[in-house]
Structures are given as C-alpha cells and as structure tokens.
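A quick write-up on the structure given underneath.
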Amino acid sequence: MVLLHSLALLSSVAVTIAQTDSMTIYGQIPLFQTTTTAAATGTVSGSAAPVQTTLAAYDKTELTPPAPPNPNPGSNNYSMSLQRSAATVTGLSIPHNGVGFWGFSIEMSVISQVLGKNSSFLQPSFLNLLANIQERSGGVVIRLGGNTQEFAALVPTDSIANGHTFAKADSGSTQTTKTPAVLYTIDMFYMAANISALLNVKWFMGIPFNDSVNWRLQIAEEGQTILGDNLLGLQAANEPDFYQKFGRRVTYSPQQYSDEVGQLIAAIDANPRITNKHQLLAPSVSGQWAPEDVWNTGFIDKYKDRMYAFTVEHYPRDNCAAQFNNGDTIVDPQAVFPNYLSHTEVVSLVQPYTNSANLATAAGKPFMMFETNTGSCGGFKGISDSYGAALWAMDYGLQMAYNNFTHAMMHVGGQNVFYNPFTAPPTNQSAFNEWTAGAIYYSAIVLAEAFGTGNNTRVIDLWGNSGSVYTPSYAFYDGDTLSKVALFNYIDDKTGANDLKVTLTMPQGVPGTVKVKYLSALSVSSKNNITWAGQTLGGQFEVDGRFKGDLNVTTITCDTSTAVNACVIPVPAPGFALVFMDTSEPNLSLGQATQTFATSAHTKAHNTVTYDPAAVATSNGHSGVDREAAGLGSTSSGSVVSAARRRAVLSFEALVGACVAVAVGGVWVGRALVQ
Ligand SMILES: *[C@@H]1O[C@H](CO)[C@@H](O)[C@H](O)[C@H]1NC(C)=O
Ligand SMILES: *[C@@H]1O[C@H](CO)[C@@H](O)[C@H](O)[C@H]1NC(C)=O
Ligand SMILES: *[C@@H]1O[C@H](CO)[C@@H](O)[C@H](O)[C@H]1NC(C)=O
Ligand SMILES: *[C@@H]1O[C@H](CO)[C@@H](O)[C@H](O)[C@H]1NC(C)=O
Ligand SMILES: *[C@@H]1O[C@H](CO)[C@@H](O)[C@H](O)[C@H]1NC(C)=O
Ligand SMILES: *[C@@H]1O[C@H](CO)[C@@H](O)[C@H](O)[C@H]1NC(C)=O
Ligand SMILES: *[C@@H]1O[C@H](CO)[C@@H](O)[C@H](O)[C@H]1NC(C)=O
Ligand SMILES: *[C@@H]1O[C@H](CO)[C@@H](O)[C@H](O)[C@H]1NC(C)=O
Ligand SMILES: *[C@@H]1O[C@H](CO)[C@@H](O)[C@H](O)[C@H]1NC(C)=O
Ligand SMILES: CC(=O)N[C@H]1CO[C@H](CO)[C@@H](O)[C@@H]1O
C-alpha cells in the first residue's frame, strides 16, 4: 500500500487521502549506474560514444540552413488529385497496426537513467513521453538492448553495491568501442513489468551472443516468466555482420551465423524455463552483410516458425571518426546537412530493404528496423537534434512504413550522444533540471497520430510536385477511406518565396473543410520551440514529458464548387502539415495525453514527496494548465489506476512541497501549475 499525492487537485483544493496498491512513481533525479571497475566509466551508446567535455545531448550548435534549391525542381503552388477510396489506389503499403510506428531502442547501459533506478523508482517524465505515444496509437514498443546486450549478465539481487539494479564491469572487449559489460539484477524485468502495468508498453530484449557455446539464456527465462505477453521478442544477435570486425569471432559468415541461430534454438528447446520457443528476432544485420546474404542460407524458411519478426539495423552514416579519432575522414555536419533535408536520402536508405520486407510479409512475419537514428557513433552535432532531423525522421519513418516495415526503433543513448529522442538529466545537475526532448521525439508523435489506433491504415508515397525531393507527400487510407495527407517542405526560406500552397483535389469531391496540424519551427536548424499543433514539450532541462501550450488545429475551408473542387493547404518553408480529411475525427482534439504521470518537482528538501502516478492533467484538446485553471483537475478518465481503487488525493506534504517550488520560482512544477 502506497500513499499517493495528486498535484492536479491543488486548484480544486480537494484534500483527501488515497490508498492504492499500485507502485509509487518517484520523480527523483536519476542516478548513473555504479561503476565496479575504473576501466568502465561513462555511458555507452549503441554506437558507443565516449563522454565529451560538452555533453552532446545539450550541445547548442545550430548549423546554417542550406540555401533554397536553384533551380527549384518543383513548384510552390502544386496540385495533387487523390482518390477517396483505397480500392482505386495501387501501391498501398500493408495495413499498419497501432502501437506507434516509431518505437524506441534503449541501450542497456542507460536503462537506469531512462526507465528509472529500480522497479519502484520509475521516471515519470519517461512515462509521460510514452503516454503521449500511447494516447495516439494505443501503445509503444521498446527494445532494451544494443551493443551492450552482448556482454550483459544477470547477477544476484543485492550483489551490486547499494542494492542497485544495474552496474558496469569491464567486459574485456578489445573492440574500439570498449563496450562495458552491463550487470543487472532481476529487478530490470520488474521495472519493465511495472511500466507495462501502467502503460501498454511491449518489450524486446536481446540474448547475449558473445559466447555461443555457453549460452546465457537468463534474459529469456526471466523475461518470459516476469513479463509474460508484454515481452514480444528476443533478439538473436545484434549486428552479427560486425562480429568479425569487432573481434567477437575470428571469422564469421552468414552461414556461421545461421548455424549459431540453430544452436541457440537447440539450447532454447532444451530449456524448460523458456516456454515460448517462437519469439526470436533476427538477423539484425546492419550493412556489412545485405539481408539477402542471410536469406540465402535458407534462413527464412528454416527459422520462420521460431521468429517473432525479421529485423535489420541501419544508420545513414556514422560519426565514428570524430568520436574515436580512428583515422577515417571526419564527417562535417554542415556538409551532410542537406542530405537530411531531401527525400532522396530516405528513399535510398529504405530501398535496399523492400525485398526483405516483402519476404517477411510473405512469411507472415513483421519486419522491423530494430535500431536506427541520424548517425551511429552518437549522431551529428547540429543535425541530430534539429527540426531538420525531425522532418527527416518523419519522412524516413513514412518511407519505411510505405515499404512494409512494421516498426522502427529510434536509438536512445546517454548524455554523450546528439541523437536522443529524450534525455534524462545528468546526475550532477541541480534537482531543478528536468528532461530534454530531442526533435525526433516529435516525429514519433506525428507518426503515431497519423497511423492512429485503427490497425488498418495503409500509406503511399505520392511523389507529388513533379517528384520534387524537397516536398515529399504521403496519403493515408484508414480502411477503405482517404483519412490523412502528409505534406513536407524541406526548404528553409524566411522570405516566404518558398512557402507552399498545395492544392488537393478529389474526383469524388472534396469535403467542405479539412483540419491541419503543423509540426513547426523557425528553421531546419532550430532546436528549440518545435511545436506540434501549437504545443511544445519545452527546451533543454524543461521537459516533464507533457505538452505545454494550447492546441492549435487549423481549419481550411475548401472550395466545393464543381468548377474548383479543391482544398489549398499552406505549408511554410520549412514546414510539415498533417491534413485530416475527416474533421469529425475524434483524435484531432488530442493534445496533451489524458493519462499523465505527475513529475516530481520536489527539490532536495522535499524528496520524500511522491505523486499520484494516475492522471493529473486531463486535457482533451486543452493544455493541462488550462484544465487545471478551469478547475477541472483530475478525472478518472484515462487514469492508470482503476477508479474503484483510487480516491482523490492531496497531502499536506505535497502542498508544502509544491508551494516551496513555486516560491523559489523556475522549478518546473511551479510553472506547470501556475503559468
Ligand atoms: C496556383 O495554381 C492554381 C491552379 O493550379 C491557380 O488557380 C492559382 O492562381 C495559382 N496561385 C498562385 C498564387 O500562383
Ligand atoms: C529503489 O531505489 C530507491 C532509491 O535508491 C531505494 O530507496 C529503494 O529501496 C529501491 N527499491 C528497491 C526495490 O530496490
Ligand atoms: C561473455 O560475456 C560474459 C559476461 O560479460 C563473460 O563472463 C564471458 O567471459 C564472455 N564470454 C566470452 C567468450 O567472451
Ligand atoms: C507492400 O505490401 C503490399 C501488400 O503485400 C504490396 O502490395 C506492396 O507492393 C508492398 N510495397 C512495396 C513498396 O513493395
Ligand atoms: C557533470 O558531469 C559531466 C560528465 O561527467 C561533467 O562533464 C560536468 O563537468 C559535470 N558538471 C558539474 C557541474 O560537475
Ligand atoms: C481515433 O480515436 C478513436 C478513439 O480513441 C479510435 O477508436 C480510432 O481508432 C482513432 N482513429 C484513428 C484513425 O486513429
Ligand atoms: C490493434 O492491434 C493491437 C496489437 O495487435 C491490439 O492490441 C489492439 O487491440 C488492436 N486494436 C484494434 C482496434 O483492433
Ligand atoms: C521560443 O519562443 C518564445 C516565445 O515565442 C521566445 O520567447 C523564446 O525566446 C524562444 N526560444 C528560443 C530558444 O528561441
Ligand atoms: C495556429 O497555427 C496557424 C498555422 O500555423 C498560425 O497561422 C496561427 O497563428 C496559430 N494560432 C495561434 C493562436 O498560435
Ligand atoms: C505490476 C508489477 O509488475 N509490479 C511489480 C513491480 O515491481 C516489484 C518488484 O520491485 C514487484 O514485486 C511487483 O510485482
């Protein structure tokens, strides 16, 4: 039994006590893992970037936006004719299910920063960030793994100093990236289970492949036992095509890998604690081998019954030369920035996988991009956390969805990478500091909203505007009906000369009005003030995972006269518009998720204060602030704790804590409650 304290009721001055048997969500500043050897300090991303003097996640570099193309291959006033019924459209993707097209891939070494310190200390900001996705798409998929999974080992509870859930030890790995071994206790599974008890989060984990003789299968045994149906799959090797290069095997070929997967399956079959023997994810190759090199070993037919999904991993380019001074040419972010601001790159990134996606579909299996981001080895200064990257990640995600990928995972590293969709504050920052959202988090939100919860949305790349690579466009069909249109403008031009007016026509007649949500920022280089339908998560150290500001959905009146029959959609340069063809669509009013987790505002003096993990701001199209100002406070709708078990709450402690926060000013809870 845990006492919960709701902030939301401050404004309605209801003071009662709740009792619930759900777990407490503490909003403490996260702690890094304890380090058991001096050799393994710092956090390591999937691409294993070392700690820098300026933490990459907080870098403020803004690049120079590329000049508008001259000549411009497209028109700034272009028109597209769209079919209302999917029956008359060829080339649509497979139907996409809810559960957010973009999921997240969280490096094992940063789990305790991102998810929380242990199963009873979860990070409310993280939960809020997931709740936003769930509200739009019904759920979220998360992979816990990466390079660090290979040497990860389950250790007994209490074997890590101070009762911690995670620690690092020197793995003895000789590769340049010096992957530390992550030691974790069984509590890691309880952390995941407790998150899934609050939100519809489904998990992927990875079986260590560093030793294919003495398999360490505890992650499968405990994962299945503790997570049950919330564990969707287990990766059989992470980027095996790098094993030879990284010295994990003396020689390694697709055939040897295929044989080892067979040996793993035999070990799983012989293990009675692994009850689901059909949950593997493979081959997760990342460019050294083509997926076809693995398929050519007969992989799909031989193993498809054992697979949850087929997977690949890929980043467009790497920043390893800058990170490791490895002698390769250092990539100049300014020079490659234009590549991220064009449809050309996402098409060429995805095209090599179209065949594989369709082979997986034919085998009845999902096909996932299991790990990706703007660049491996930490991403690129000025690119990875820019609005330009957000445009790119939407285009890349939609291009994958159009090419029949079922999901893709944005990789999340520590403070030392540029590309995080979200970053927990560093341990040594003041308790006032909160989370930081990366631009690409907004891309995950937009795609979640575009595909919705219907499980039956198909997408097509329209190649409008004479195929201009600066203005990609996609249409979404929900069931049989055109539901949404996505319009990009990658061109950055403050003069307005490259603002688009996109004319949408339909032979069957356009609706009287359509509604538009914009993902906006001043420039492709911007890192701040990125808004989705007018709302933002806030700047560096300002994020508690909840959208702030008023929802702004634009209504466009169409000309339904038979002579014109058109809706004209403005898209600024740069800009992105999601056009809702059906203005009665209930999800149009989605702003801040109705289900939120109160982030602790408490300062060090008040760190015993805990808050109701249930809904504290119920918005339905308004910001939580408005809602609170209107005295609506928390309702049980969307609550994560069953109403029957929850009574309204507010303790004296919480009041005092919050008031102190307000009094000192600048503490986010003061703003969240009062602004
Ligand atoms: C845009 O194009 C439409 C027809 O496609 C035309 O009627 C309209 O005048 C054009 N507007 C501008 C500003 O060029
Ligand atoms: C979780 O961490 C907190 C803070 O260190 C600690 O007080 C608590 O006992 C831990 N819970 C478990 C179950 O280990
Ligand atoms: C594999 O990793 C485990 C855990 O870090 C370690 O104990 C073991 O020695 C490694 N085995 C090989 C063959 O590298
Ligand atoms: C995606 O799958 C659908 C259904 O199988 C197919 O019609 C379509 O051609 C595929 N898309 C691509 C780009 O191959
Ligand atoms: C916080 O830690 C980071 C990384 O360990 C370090 O670079 C930075 O100087 C520290 N800041 C303070 C104020 O101690
Ligand atoms: C919109 O929201 C409703 C209710 O949450 C849901 O049933 C429906 O599937 C959603 N539609 C789309 C297209 O996402
Ligand atoms: C969509 O698919 C998910 C996952 O398969 C399932 O949990 C959910 O119930 C489905 N939603 C609908 C509306 O069918
Ligand atoms: C964000 O926008 C607000 C309001 O328009 C402005 O006051 C603030 O300076 C902007 N922040 C940055 C970093 O541009
Ligand atoms: C709402 O968004 C539209 C389109 O971006 C913009 O023109 C308008 O100024 C916004 N309204 C408010 C109140 O911010
Ligand atoms: C719902 C759920 O899974 N709760 C678990 C949270 O974590 C603790 C361990 O710390 C478990 O005992 C609970 O069962």
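For ligands, and for the atoms within them, numbers begin at 1 and follow the listed sequence. Note that the numbering runs from 1 along the sequence shown for the chain. Keep in mind that this is a model prediction, so the values were computed, not measured.
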Exercise. Indicate whether the side chain of Thr536 and that of Tyr442 have a donor and an acceptor atom separated by less than 3.5 Å.
Key: yes
Exercise. Report, in ascending order of atom number, the atoms of ligand 3 lying under 4.0 Å from any heavy atom of Asp211.
Key: 11 (N), 13 (C)
Quiz item: Which residue and non-hydrogen atom of the protein lie closest to atom 5 (O) of ligand 9, and at what distance in Å?
Solution: Tyr518 CD1, 3.8 Å
Quiz prompt | Residue-ligand contact Arg248/ligand 3, heavy atom below 4.0 Å | solution = no
Quiz item: How are the rings of Phe451 and Phe476 set relative to one another: parallel (under 30°), tilted (30 to 60°) or perpendicular (over 60°)?
Solution: perpendicular
Quiz item: Quick check: does Asn403 get an N/O under 3.5 Å from an N/O on ligand 4?
Solution: no
Quiz item: Can you list the atoms of ligand 4 that are under 4.0 Å from a heavy atom of Ile94?
Solution: 2 (O), 4 (C)
Self-check item: Close-contact set for ligand 3 against Phe151 heavy atoms, below 4.0 Å
Solution: 2 (O), 4 (C), 5 (O)
Self-check item: Close N or O approach (Thr361, ligand 4; < 3.5 Å)
Solution: no
Quiz prompt | Non-hydrogen protein atom less than 4.0 angstrom from atom 2 (O) of ligand 4 | solution = yes
Quiz item: Under 4.0 Å from any heavy atom of Thr354, which atoms of ligand 4 are there?
Solution: 13 (C), 14 (O)
Practice problem: Would you mind telling me if ligand 4 is within reach of the side chain of Leu92, the backbone, both or neither, using heavy atoms under 4.0 Å? | Solution: backbone
Quiz item: What orientation do His343 and Trp463 show, parallel under 30°, tilted 30 to 60°, or perpendicular over 60°?
Solution: perpendicular
Self-check item: Heavy-atom nearest neighbour in the protein, as seen from atom 14 (O) of ligand 4, with distance rounded to 0.1 Å
Solution: Asn358 ND2, 2.8 Å
Practice problem: Could you tell me which atoms of ligand 4, counted from 1 in the order shown, lie closer than 4.0 angstrom to a heavy atom of Asn404? | Solution: 1 (C), 2 (O), 3 (C), 8 (C), 10 (C), 11 (N), 12 (C)
Quiz item: Using a distance-only test with no angle check, is there a side-chain donor-acceptor pair under 3.5 angstrom linking Tyr396 and Glu345?
Solution: no
Quiz prompt | Nearest option to atom 12 (C) of ligand 9, as decided by whichever heavy atom of Val553, Val571, Asp550, Asn552 sits closest | solution = Asn552
Quiz item: Between Lys548 and Glu542, does at least one N-O distance fall below 4.0 Å, as a salt bridge requires?
Solution: no
Quiz item: Just checking, is any N or O donor in the side chain of Asn238 or Glu150 under 3.5 Å from an acceptor N or O on the other one?
Solution: no
Quiz item: Is the closest N or O pair between Glu150 and ligand 3 shorter than 3.5 Å?
Solution: no
Quiz item: When rounded to the nearest 0.5 angstrom, what is the spacing between CG in Leu92 and OG1 in Thr457?
Solution: 11.0 Å
Quiz prompt | Protein non-hydrogen atom below 4.0 angstrom of atom 9 (O) of ligand 9 present | solution = no
Quiz item: Which atoms of ligand 3 sit under 4.0 Å from any heavy atom of Ala181?
Solution: 5 (O)
Quiz item: For atom 4 (C) of ligand 9, which protein heavy atom lies nearest, and how many Å away is it?
Solution: Thr554 OG1, 3.6 Å
Quiz item: With a 3.5 Å cut-off and no angle check, do the side chains of Glu107 and Asn147 form a donor-acceptor pair?
Solution: no
Exercise. Can you spot which of Pro366, Ser356, Ser93 makes a side chain to side chain contact (heavy atoms under 4.5 Å, CB included) with Asn404?
Key: Ser93
Exercise. Go through the steps to decide whether Asp395 and Tyr490 satisfy the test side chain to side chain donor-acceptor pair (under 3.5 Å), and finish with yes or no.
Key: CA-CA 10 Å; Asp395 194 7; Tyr490 276 121; 2.8 Å; yes
Quiz item: Looking only at side chains, do Tyr252 and Glu260 share a donor and an acceptor under 3.5 Å apart?
Solution: yes
